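Here is the structure we will look at, set down as structure tokens.
Since the structure is predicted, the reported quantities are computational estimates derived from the model, not experimental observations. Residues take their numbers from the sequence shown, with the count starting at 1.
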Amino acid sequence: EGAKWSDEHPKSPWISVEDDLPCNHKELISTEYDKETVYVVVIGKDVIADTDCMEYNGKEWVWQKNSFFEPTHWFPIPKLPK
């Protein structure tokens with residue numbers, strides 16, 4: 001019964017920014033262009049889905065597109081199939 005319920009109610013891939021942030025996942029952090037950056041897929045109140053990144057500015061992690069919208073949920077960009 002539990003397996004059947006689980007198959008019928010798959011877990012959403014979206015993670016609330018209130019529960020966790022991408023910058024808390026070292027495996028997602030890139031040091032490209034001499035900056036610590038995390039690229040993810042996000043949604044917000046007025047945005048269906050977009051890509052965004054968090055950058056470390058020397059003091060704190062900030063959303064790059066913060067001036068356009070405030071992300072409410074995120075998930076890692078999936079790896080391309082081989």
Side-chain angles (χ1 to χ4, degrees):
E1 293 245 346
K4 182 179 176 185
W5 184 92
S6 179
D7 287 344
E8 293 171 357
H9 301 86
K11 183 180 180 208
S12 171
W14 294 102
I15 302 165
S16 171
V17 297
E18 293 178 4
D19 296 336
D20 199 2
L21 291 172
C23 59
N24 295 331
H25 299 267
K26 291 182 181 186
E27 71 278 8
L28 300 177
I29 297 174
S30 167
T31 55
E32 218 174 354
Y33 310 113
D34 297 327
K35 290 183 180 180
E36 287 186 304
T37 310
V38 179
Y39 294 93
V40 293
V41 177
V42 295
I43 57 173
K45 291 180 182 177
D46 298 323
V47 177
I48 295 173
D50 199 356
T51 56
D52 198 356
C53 72
M54 294 189 83
E55 291 182 346
Y56 188 69
N57 66 12
K59 293 190 274 183
E60 64 184 346
W61 285 93
V62 293
W63 290 102
Q64 184 181 33
K65 296 181 183 177
N66 197 356
S67 60
F68 298 110
F69 70 94
E70 189 70 32
T72 60
H73 293 77
W74 67 276
F75 71 84
I77 295 174
K79 296 200 183 313
L80 294 173
K82 293 182 178 184

What I'd like to find out is whether the side chain of V41 reaches to under 4.5 Å of the side chain of W14, using heavy atoms alone. yes
Roughly how far apart are N24 CG and M54 CE, rounded to 0.5 Å? 8.0 Å
How about E1: does its CD atom have over 12 heavy atoms from other parts shown lying under 6.0 Å from it? no
dist Q64:CD -> T37:OG1 (nearest 0.5 Å) comes out at 8.0 Å
Side chain T72, main chain I43, donor-acceptor under 3.5 Å: yes
So how far is it from E55 CD to E60 CD, rounded to the nearest 0.5 Å? 12.5 Å
Under the side chain to side chain contact (heavy atoms under 4.5 Å, CB included) criterion, do V40 and W63 qualify, and how do the steps go? CA-CA 10 Å; V40 293; W63 290 102; 3.8 Å; yes
Student check: side-chain heavy atoms of I29 and W61 closer than 4.5 Å: yes
Rounded to the nearest 0.5 Å, how far apart are CD1 of I15 and CZ of F75? 9.5 Å
Nearest atoms (heavy-atom pairs only) where P22 meets L28: O-CD1, 4.1 Å
Atom pair OG (S30) and OH (Y39), whose distance is rounded to the nearest 0.5 Å: 6.5 Å
Work out which heavy atom in C23 is nearest to a heavy atom in V38; give both atom names and the distance. CA-CG2, 4.1 Å
